[in-house]
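Okay, so here's the structure we're looking at.
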Number of protein chains: 2
Amino acid sequence: MNQDSISVNDKNPKTARGAKTKAKLLEAASLEFGARGYHECMIADITKRANVAMGTFYVYFESKEVVFRELVQYMGQTTRAYISKKLEGVSDRLEAEKKGLHAFIEFARANKDLYRIVMESQFVAEDAYRDYYTSFQKAYAENLRNASSKGEIRNGDDEVRAWGLIGLSVFLGMRYCIWDDSKKVEDVADAAFDLIKNGLKMG
Amino acid sequence: MNQDSISVNDKNPKTARGAKTKAKLLEAASLEFGARGYHECMIADITKRANVAMGTFYVYFESKEVVFRELVQYMGQTTRAYISKKLEGVSDRLEAEKKGLHAFIEFARANKDLYRIVMESQFVAEDAYRDYYTSFQKAYAENLRNASSKGEIRNGDDEVRAWGLIGLSVFLGMRYCIWDDSKKVEDVADAAFDLIKNGLKMG
DNA sequence: ACAGAAATTGAATCTTGATTCATGTTTCAA
DNA sequence: TTGAAACATGAATCAAGATTCAATTTCTGT
């Protein structure tokens with residue numbers, strides 16, 4: 001309850017003009033970090049792309065790491081929102097699995113820069129990275145738990161299954177979105193879904 | 001065929017003494033990079049841990065990045081060797097899948113530093129990272145292809161399945177080896193194997 | 001025992017790039 | 001109309017840390 005905790009974050013823009021500048025910086029940062037990585041990218045690159053002076057950067061962000069973290073969190077919110085919207089009204093777990101996978105890959109393709117930023121956060125802001133995936137994993141495991149108790153899917157260790165399935169998606173995202181996006185989203189999602197649904201065992 | 005290509009790499013130790021020093025440096029580098037990451041770790045940390053002077057480092061390595069790459073490659077060789085040894089004589093694909101998963105997790109636990117180095121290589125030496133996983137994936141896909149043609153496993157897109165299954169293992173390795181290794185290797189491997197074998201669909 | 005070759009040393013160098021700050025410009029409520 | 005509060009500027013600062021190198025020590029073959 002000291003002076004600090006009652007004062008507002010003085011880095012937040014107070015006017016529409018400031019908000020616009022901050023948005024330009026975030027956008028520029030996303031592109032630069034995404035294209036060349038955290039360490040290769042310098043503040044000057046970001047401000048140059050945003051058409052502002054270097055000092056302006058520090059009007060809105062404490063440090064280089066802080067923008068980066070902001071982008072990771074933003075990606076978390078956006079991804080969750082996108083996928084949960086796509087799953088609205090889907091009650092069957094297997095159906096949700098299929099649509100979710102598709103939505104995830106689609107989203108990754110449309111947000112390559114942010115996708116890469118999230119991956120890199122493991123080595124730049126590890127706590128942000130863990131939060132990102134832990135939050136997904138919690139919800140995922142919960143869904144599996146519900147579905148298995150309703151008899152929609154096999155019983156199993158839902159923690160482990162959730163981590164495994166997330167890993168599966170993440171790698172597919174890396175391979176078929178970032179490295180090379182020439183394969184059709186459908187083909188990737190369908191192949192993966194067959195694996196998730198039926199496993200490797202014969203019929 | 002110029003002077004360079006016929007001359008030996010003058011960074012290679014010529015004597016047993018030199019070989020020992022280089023080994024000390026590699027070991028130290030592995031520990032330091034593994035513990036604090038590439039960018040946090042400085043050459044002075046490595047040489048200090050290895051009990052040599054800073055200059056000695058540059059007798060054996062061109063640069064900081066070069067040791068790092070050497071460690072990634074080393075991890076690749078070692079992992080392949082370890083797993084293929086564990087799979088000697090196993091002809092059934094599902095059995096191989098189970099044993100391979102177990103071996104992988106076990107190996108990750110025993111080599112946390114190198115495991116982390118490989119993950120970080122994505123952002124330090126991306127080509128080395130891609131080589132590492134692409135080499136795994138090629139072999140993996142080949143195995144799946146053979147097994148499915150023999151009718152041991154379901155048919156499916158072996159490229160995609162291989163990437164997906166690798167991702168699954170990698171994430172489990174991260175979560176249950178690096179983040180927290182309190183869960184028994186068996187429990188993780190068994191749960192994941194059930195998923196890989198049977199999928200999520202009810203019996 | 002002696003001459004090179006191989007190793008080792010660590011202080012000094014040198015680059016890179018994040019962050020600061022003193023100064024100028026805009027906005028807007030009273 | 002005016003004067004704070006917000007914004008914006010970009011050259012200068014400053015620290016960090018990779019890499020170098022000239023001098024010194026240890027080996028090794030003969």
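Please read these numbers as outputs of a predicted model, since none were measured by experiment. Lettering follows sequence order; numbering is per chain, from 1.
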Pairwise 5' ranking along DNA chain D for A:V59 and B:A16, keeping only the more 5' one: A:V59
Indicate every side-chain donor-acceptor pair of residues 18-30 of chain A with a distance under 3.5 Å to a residue at least two apart or in another chain.
{"unit_1": "A:T21", "atom_1": "OG1", "unit_2": "A:R17", "atom_2": "O", "d": "3.2"}
{"unit_1": "A:K22", "atom_1": "NZ", "unit_2": "A:E70", "atom_2": "OE2", "d": "3.1"}
{"unit_1": "A:K24", "atom_1": "NZ", "unit_2": "A:A50", "atom_2": "O", "d": "3.4"}

Please step through side chain to side chain contact (heavy atoms under 4.5 Å, CB included) for the pair A:F136 and A:T79, ending with a clear verdict. CA-CA 10 Å; A:F136 269 103; A:T79 310; 3.6 Å; yes
Inter- and intrachain pairs under salt bridge (Lys or Arg N to Asp or Glu O under 4.0 Å), touching residues 116-126 of chain B, at least two apart: B:E126-B:R130
Just by protein heavy atoms under 4.0 Å, how would nucleotides 15-27 of chain C read 5' to 3' in B, S and -? --SSBB-----SS
Residues that A:K138 engages under salt bridge (charged side-chain N to carboxylate O under 4.0 Å, His left out), provided they are two or more places apart: none
Sequence neighbours excluded - side-chain hydrogen bond (donor to acceptor under 3.5 Å, both in side chains) pairs with any residue from residues 47-64 of chain B: B:E32-B:R49
Determine the contact category for B:Y60: base if any of its heavy atoms lies under 4.0 Å from a base atom, sugar-phosphate if only primed atoms, P, OP1 or OP2 are that close, otherwise nothing. sugar-phosphate
Earliest and latest nucleotide of DNA chain D, 5' to 3', sitting under 4.0 Å from a non-hydrogen atom of chain B? D:dG17 to D:dT26
Kindly state each residue pair satisfying salt bridge (Lys or Arg N to Asp or Glu O under 4.0 Å) with at least one member in residues 83-93 of chain A, sequence neighbours excluded. A:K86-A:E106, A:R93-A:E97
Round to the nearest Å and state the distance from B:K22 atom NZ to C:dA6 atom C1'. 15 Å
Please enumerate all residues that pass ring-ring contact (aromatic ring centres under 6.0 Å, His included) together with B:F33, with sequence neighbours excluded. B:Y38, B:F68
Going by the rule ring-ring contact (aromatic ring centres under 6.0 Å, His included), which residues pair with B:F57 if we only count those two or more places apart in sequence or in a different chain? B:F61
